[in-house]
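Remarks on the structure that follows.
So you know, we letter chains A, B, ... as the sequences are listed, proteins then strands, and number each from 1. Note that the coordinates shown come from a computational prediction; the quantities given were computed from them, not determined experimentally.
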Amino acid sequence: MVQVYEGTIEVTGLTKHFGAVAAVQDLSFTVEPGSVTGFLGPNGAGKTTTLRMILGLVRPTDGTATIGGRAFEALGNPGRVVGAVLEAQQFHPGRGARDHLRCYAAAMGVPTGRVDQVVALVGLTSAAGRSTRGYSLGMRQRLALATALLGDPQVLVLDEPANGLDPEGIAWLRNFLRTFARSGRTVLVSSHLLAEVEQTVDQVVIVSRGECVYQGHLDDLRAGQRRRVLIDAGDPGALVTALQDAGFGAIDLTPDGRLSVADAERQQVGDIALASGIAVYGIAEERTDLEQVFLQLTNAQFAAGPPGYGQGYGPAYGPPYGYGPTYGPGYGPPPGYGPGYQPGYGPAPLGLPAGHPTSTGYPANPGYPANPPYPTNPAYPTTPGYPANPPYPANPPYPASPAYPTTPGYPADPGRPTGPGYPPTQNRPPVQEPPSPYARPVTPQDREPGHGP
Amino acid sequence: MNRLLLSEVYKLSTTKVWWALLIPVAVIAFVLGLAGAAIAGLSTVVEDAGLTPALALTMPISMEQTTVFAAVVGLIGGAGEFRHRTITTTYLTGVSRGSVLAAKAIVHAGLGLVYGVVTAVFCAAGALLNSGTDSFPSTTDTLAVAAAGVVGVMAWCVLGVGIGVLITNQIAVLIVVLVYLLFVEGLIGLLVGTVLGADELPRYLPGAGSTALQTAHGITVFANAFGDEAFGVHDVVEGLVGSSGQLSWWGGGLLIAAYTAAFLAAGWYVGGRRDIT
């Protein structure tokens, strides 16, 4: 008999069909106490449905979901075991926060004093008497969190909790969730953006099209990042020989005539080329970052290449998915370049755990080919306003992905031109803040509607 | 269960609906009681027998009006949580969906009791104000008429909860039930009863059930005050106040209890399996 800890969430073969639509298919994963687990996947991957099945709100077509070994219905007083912040969770517009919480404190048998505790915890004290009609989205999220915490639960389930929170609120929430998990409790938090939870979560469960594509430590995923050097050499054949002599095995020719050397560093390849007396016209290092791995894992959902992804993520992340440096104006027309990545980079599974179902080589980056006019715009790098984004042209170390969210200039980026062919930026995902070292509960004035998001 | 009951009481008491609808209930009952006693005073001109026990009719009529309001409160109690999407939190904090429904039903039975008692008190107060206790039937009959009326109000308040949880669309359910109670049931009575000749059927409809429970005894008391069945007073008054050929008070009571139980069961079954998305 396997010991089931009180706060373990266990999902086994969970399946849900809405009519002909299979929202979740044979999903299995385990969430252990003591760590924050990210539940990731693009919109429509079945995250919300799965969470609602765990919480007994949606009946599974097949499979089971248990909390501490018991189905939700068998928890007895569920509010004392699991608290949840869900997207569609709302409040009676005529009730104030305190009244709302009192209703549910009564349902859980929690003393009324706990109401003021959680109100203060989420920083709603000054607004607790007002009816929720006038609450901002951020205040609603705080109240939802307060409701979830009311029963002092062992397990916390949050569905896209950062929605509507200001950066300060997000930083506070991150800190809170980590502290909560560190006290030996379970946190399962869903998001469609890895970057949003990257600094919060220890474990990840990644779903795509209702199926689990990865489960494990975020560090393992991070360790799976691979880099390669792209080099444009005068005599590729000689360079290949030289590189092979130096012990580099995985060398490929990209469709634009460059060599791709896996698991190498720029300096190494450059030195070898110099030692062999081969002219080098360009050299660049690439590294897949977590976001790329995530997209690769989940992009099976969008086999046709979703315009939304290319447009939404590309500009916001600077060079689309870190290919920027190799992508410059001098490099000629990229049609044919993108598709070539896949065979060119070989079937190596990006260092992901072996046997990974969707690890089929280098990402068939969905947004990438969608940018044909981009490099043909000779004026692009000098477009007025564009240089306001210094890291972009001079961004060879972009692949050093850990720094990615903090790339200077990235969050502001006001001068980015909507140059010809440049994808529109309106779908830009929420800007990520680094965890604030001063994470503090938000003060009352931050919570006035005018200050909210 | 006690926790959920308390929770439902808080939910009611922290919203306005219950007292906002109680105001017209009290006003209507008071005005009907007052007017009934005034009309009863006129009858002394014709009859030497003194005042007729008008309260035996105005009380049931008041209860019928209150029943509609109680149904509305019950419907909002059942469907309102779906409208405001608070049902998610309610189900997340309740022992089970069945116990949540049971708690709502019990609390709304209590609210129906309040509505019924307020109706009885204000109707009697109106009559008292106009002509003292002269238009009151005997104490026993007064209490019996009031009690039957209150039970009918309670039944519809709980029935509203059942329908609300079953259908969940608050606007739709309010329109459907109000239109049904105010027009459709009468129309069915007319169509099926008169035109098709199946005059047995209308008396088994839910509205007719509660009406029979609430009015049957009062009509009998009022008609008996005239002392002579030959006049056909009973049938005339029954056609005006209740519905012609309606069930006895206990028959109506059993009928409305059966409807209430049926809708609660349907709400329990359907609501218990519904996906809350």
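- Identified by a heavy-atom distance below 4.5 Å to chain A, contributing residues of residues 155-173 of chain B are lacking entirely.
- When the shell of 6.0 Å around CZ of B:F82 is examined, it contains more than 12 heavy atoms from other residues, nucleotides or ligands.
- For B:T90, the parts lying under 4.5 angstrom from a heavy atom of chain A are both the backbone and the side chain.
- Using a 4.0 Å cut-off between charged side-chain N and carboxylate O, B:D275 and A:K16 make a salt bridge.
- Heavy-atom pairs under 4.5 Å with chain B were tallied for A:M108, A:R95, A:E73, A:R80; the largest tally goes to A:R95.
- Side-chain contact between B:I276 and A:R52: present, with at least one pair of heavy atoms (C-beta onward) separated by less than 4.5 Å.
- Around the CZ atom of A:F18, the shell of radius 6.0 Å holds more than 12 heavy atoms that belong to other residues, nucleotides or ligands.
- Highest contact tally toward chain A, considering only B:E81, B:E8, B:K16, B:R273, is held by B:R273 [criterion: heavy-atom pairs under 4.5 Å].
- Nearest approach of B:V95 to A:P78, heavy atoms of both residues: CA-CD, 4.2 Å.
- Among all heavy-atom pairs drawn from A:F72 and B:Y91, the shortest one is CE2-O, 3.8 Å.
- Among B:R83, B:R274, B:R97, the residue making the largest number of heavy-atom pairs under 4.5 Å with chain A is B:R97.
- Here A:R102 is the residue among A:H100, A:M53, A:R102 with the most heavy-atom pairs under 4.5 Å with chain B.
- Residues B:T277 and A:V58 meet the side-chain proximity criterion, which asks for heavy atoms closer than 4.5 Å.
- Distance check: A:C103 SG to B:L12 CG gives 9.5 Å after rounding to the nearest 0.5 Å.
- With rounding to the nearest 0.5 angstrom, the OH atom of B:Y10 is 12.5 Å from the CG atom of A:L101.
- Contact of the A:H92 side chain with the B:H84 side chain is registered, since non-hydrogen atoms from C-beta on lie closer than 4.5 Å.
- Remark: A:Y104 OH to B:K11 NZ distance equals 4.0 Å, nearest 0.5 Å.
- The parts of B:T14 that come within reach of chain A are both its backbone and its side chain, each placing non-hydrogen atoms under 4.5 angstrom from that chain.
- Residues B:L92 and A:L57 are in side-chain contact: their nearest non-hydrogen atoms beyond the backbone lie under 4.5 Å apart.
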